[in-house]
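So you know, we letter chains A, B, ... as the sequences are listed, proteins then strands, and number each from 1. If you're wondering where the values come from, they're calculated on a predicted model, not measured in any experiment.
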Protein chains: 2
Amino acid sequence: MHLNTMPGHMIRRLHQISSQVFQHRLAAAGLELTPVQFATLTILDTHPVLEQAQIAALIAYDRATIGGVIDRLEQRGYVTRKTSVRDRRARDVSLSDAGLKALRQAEPIVTDLQSEILKNLTQSEQRDLIALLTKAVKDTDHDA
Amino acid sequence: MHLNTMPGHMIRRLHQISSQVFQHRLAAAGLELTPVQFATLTILDTHPVLEQAQIAALIAYDRATIGGVIDRLEQRGYVTRKTSVRDRRARDVSLSDAGLKALRQAEPIVTDLQSEILKNLTQSEQRDLIALLTKAVKDTDHDA
DNA sequence: TAGATATAATATGTATACATACTAAAAATA
DNA sequence: TATTTTTAGTATGTATACATATTATATCTA
């Protein structure tokens, strides 16, 4: 059994590299945002108010995990959370001014670091990989 | 900022799909092995004895994480661990009979599930993706 | 509309994943 | 060889990641 021929193994390793580059680059810029936290802030930037379940759906996440992510973002003052008037089970989450500021600081760094994740590939290969990843992830149903 | 054009985000999502397919397929077969546990057993299958640091290096892992993985594999009787005679800091890890048996049961399922992870891609696209992943992960130094 | 079903979020438990600090032991070097 | 540096593993703390169970609230349906 050769791990290096198994996409699952290679995907795990690239994900690992990706997370590390992200964390290190942001830390080097004095920011402390995880990839998931960044994704959450990004989604909230284009949707003024979202319930946690909607955030989970938009960035393809588990509801339980998102709860913790929002907890930490709220503690740091990056998002606000209040019970929805429409549905008292739901919590309306919004980006705060501080959250927007952090997001704007992070954006150029995150854009920049993408090519570092794929620095072993040529520009053309990077485009190919992104296209393949996009198609691979395209939502038919991997869960069915 | 569009998450869907960022390799980091797409890689995270594909990794997520990959982990879920792995977990569900193995559970459906009555086996409870995580991707990392499987990778560890696989490496030990081709190396009779390995120190934890060597395992970490071979499957590209953190030493602290591997410690926990080995703990759980040892608890379940899949590996044995004893202090190295050559270096009293190190622990020699080996596959047990039970571990080998679990590995042999898991192997065909894991081989099988790889194509399910990439089921949105054609055979040719799957090959292209694996080639690109291999090159992307190729060890120059992402950590430097 | 009452009872069944579904859903939003939380709580709990397990397993990565990694940084940092720590201990013990080995290796390097002055 | 004494001292410094490095290394192997563990401990601790934070943050995903997800399964399962629970609670509160909506929604569906008989």
Side-chain angles (χ1 to χ4, degrees), chain A residues 8-9 11-24 26-28 32-40 50-57 59-76 78 81-93 142-143, chain B residues 8-9 11-24 26-28 32-40 50-57 59-76 78 81-93 142-143:
Chain A
H9 184 71
I11 291 164
R12 178 178 69 74
R13 292 200 45 195
L14 188 55
H15 175 244
Q16 203 177 23
I17 291 167
S18 172
S19 305
Q20 281 175 23
V21 169
F22 190 103
Q23 214 74 257
H24 291 164
L26 262 72
E32 281 185 26
L33 283 178
T34 65
V36 181
Q37 289 169 359
F38 177 81
T40 303
L50 285 175
E51 298 173 6
Q52 291 182 194
Q54 294 176 312
I55 295 173
I59 60 177
Y61 251 91
D62 189 84
R63 270 181 318 165
T65 301
I66 279 299
V69 174
I70 302 286
D71 280 347
R72 288 178 282 280
L73 288 175
E74 188 185 29
Q75 275 164 31
R76 291 164 63 185
Y78 287 175
R81 176 158 52 168
K82 57 180 210 283
T83 300
S84 165
V85 283
R86 200 175 35 66
D87 182 341
R88 300 220 311 286
R89 294 168 304 181
R91 320 290 301 277
D92 283 340
V93 181
H142 268 284
D143 319 301
Chain B
H9 184 71
I11 291 164
R12 178 179 68 74
R13 291 201 48 196
L14 188 55
H15 176 244
Q16 203 177 24
I17 290 167
S18 172
S19 305
Q20 280 175 22
V21 168
F22 190 103
Q23 214 74 256
H24 291 165
L26 261 71
E32 281 185 29
L33 283 177
T34 65
V36 181
Q37 289 170 359
F38 177 80
T40 302
L50 285 175
E51 297 172 8
Q52 290 181 196
Q54 295 177 311
I55 296 173
I59 61 177
Y61 251 90
D62 188 84
R63 271 181 320 165
T65 302
I66 280 298
V69 173
I70 303 287
D71 280 348
R72 288 178 282 280
L73 288 174
E74 188 185 27
Q75 275 165 30
R76 291 164 63 184
Y78 286 175
R81 176 159 53 169
K82 59 179 206 285
T83 300
S84 166
V85 283
R86 201 176 35 68
D87 182 340
R88 301 221 309 286
R89 293 168 303 181
R91 321 286 305 274
D92 283 339
V93 182
H142 268 284
D143 319 303

Gap between atoms CD and P, on B/Q75 and C/dT14 respectively (whole Å):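 Rounding to the nearest Å, CD of B/Q75 and P of C/dT14 are 10 Å apart.
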Taking the side chain of A/D87 as its heavy atoms from C-beta onward, which of D/dA19, D/dA15, D/dT25 lies nearest to it?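 Among D/dA19, D/dA15, D/dT25, the one nearest the side chain of A/D87 is D/dT25.
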Would you say A/R81 places a side-chain N or O within less than 4.0 Å of OP1 or OP2 belonging to C/dT10? yes
Mind checking what makes side-chain hydrogen bond (donor to acceptor under 3.5 Å, both in side chains) contact with B/R89, not counting sequence neighbours? B/D87
Start with the C-alpha gap between B/E51 and B/D92, add the side-chain angles, then the distance that decides, and say whether side chain to side chain contact (heavy atoms under 4.5 Å, CB included) holds. CA-CA 5 Å; B/E51 297 172 8; B/D92 283 339; 3.7 Å; yes
Nearest-Å distance, CD1 (B/I17) to C1' (D/dC18)? 15 Å
Could you check whether A/T65 gets within reach of a base, just the sugar-phosphate, or nothing at all, counting any heavy atom under 4.0 Å? base
Among residues at least two apart in sequence or on other chains, which ones pass side-chain hydrogen bond (donor to acceptor under 3.5 Å, both in side chains) with B/Q23? none
Taking side chain to side chain contact (heavy atoms under 4.5 Å, CB included) as the test, write out the residues that go with A/R72, two or more places apart. A/Q37, A/V69
What is the separation between atom CD1 on A/I59 and atom P on D/dC18, rounded to the nearest whole Å?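 Going from A/I59 (CD1) to D/dC18 (P), I get 11 Å.
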Between D/dT16, C/dT10, D/dA11, which nucleotide has the shortest distance from any of its atoms to the side chain of A/Q37?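 Closest nucleotide to the A/Q37 side chain: D/dT16.
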Residues passing the side chain to side chain contact (heavy atoms under 4.5 Å, CB included) test with A/Q16, sequence neighbours excluded, are A/R12, A/R13, A/Q20, B/A60, B/Y61
OP1 or OP2 of D/dA19 versus the side-chain N and O atoms of B/H24: is any pair under 4.0 Å?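 For B/H24, the contact criterion (side-chain N or O under 4.0 Å from OP1 or OP2 of D/dA19) is met.
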Select base, sugar-phosphate, or nothing to describe what B/A53 touches, counting heavy atoms under 4.0 Å on all strands.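 B/A53: backbone/sugar contact only, no base atoms under 4.0 Å.
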Nearest-Å distance for atom pair CD/P, residues B/E32 and D/dA19: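 About 13 Å, once rounded to whole Å.
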Touch check for B/D62, heavy atoms < 4.0 angstrom, all strands: base, sugar-phosphate only, or nothing?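 Result for B/D62 = base.
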For the residue pair B/I17 and A/I11, establish whether any side-chain heavy-atom pair is separated by less than 4.5 Å.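 Not in contact.
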Using the salt bridge (Lys or Arg N to Asp or Glu O under 4.0 Å) criterion, which residues pair with A/R76? Sequence neighbours excluded. none
Once you apply a heavy-atom cut-off of 4.0 Å, does B/Q16 come out as touching a base, just sugar-phosphate, or nothing? sugar-phosphate
Which nucleotide in the set D/dA11, D/dT16, C/dT16 lies at the smallest distance from any side-chain heavy atom of B/A64?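 Per side-chain heavy atoms of B/A64, the pick is D/dA11.
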Calculate the interatomic distance between B/D71 atom CG and D/dT10 atom P; express it in whole Å.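 Result: 7 Å.
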Using atom names, set out every protein N or O paired with an N or O of nucleotides 1-7 of chain D below 3.5 Å, distance rounded to 0.1 Å.
unit_1	atom_1	unit_2	atom_2	d
D/dT7	O2	B/R89	NH1	2.2

Checking contacts here: which listed nucleotide (D/dA15, D/dA8, C/dA15) is nearest the side-chain heavy atoms of B/A90?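 Looking only at heavy atoms from C-beta outward on B/A90, the closest nucleotide is D/dA8.
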Rounded to the nearest Å, what distance is computed from the CZ atom of residue A/R72 to the P atom of nucleotide D/dG13? 16 Å
Tell me: CD1 of A/I55 to P of C/dA8, nearest whole Å?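 A/I55 atom CD1 is separated from C/dA8 atom P by 13 Å.
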Please determine, for the side chain of B/R91, which listed nucleotide (D/dA19, C/dT10, D/dG9) has the closest atom?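 For B/R91, the side-chain atoms sit closest to D/dG9.
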Contact under 4.0 Å: B/Q20 side-chain N or O vs D/dA19 OP1/OP2: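 It does not, given that no N or O in the side chain of B/Q20 lies less than 4.0 Å from OP1 or OP2 of D/dA19.
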For A/A60 and B/G67, find the nucleotide of DNA chain D closest to each by heavy atoms; which residue's nucleotide sits nearer the 5' end?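 Looking at the nearest nucleotide for each, B/G67 comes out on the 5' side.
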Nucleotide D/dC18, atom C1' - distance to CG of B/L26 in whole Å: 16 Å
Both A/D92 and B/T34 contact DNA chain C. Taking the nearest nucleotide for each, which residue is further toward the 5' end?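 The 5'-side residue here is A/D92.
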To the nearest 0.5 angstrom, please state how far the CZ atom of A/R91 sits from the NZ atom of A/K82. 11.0 Å
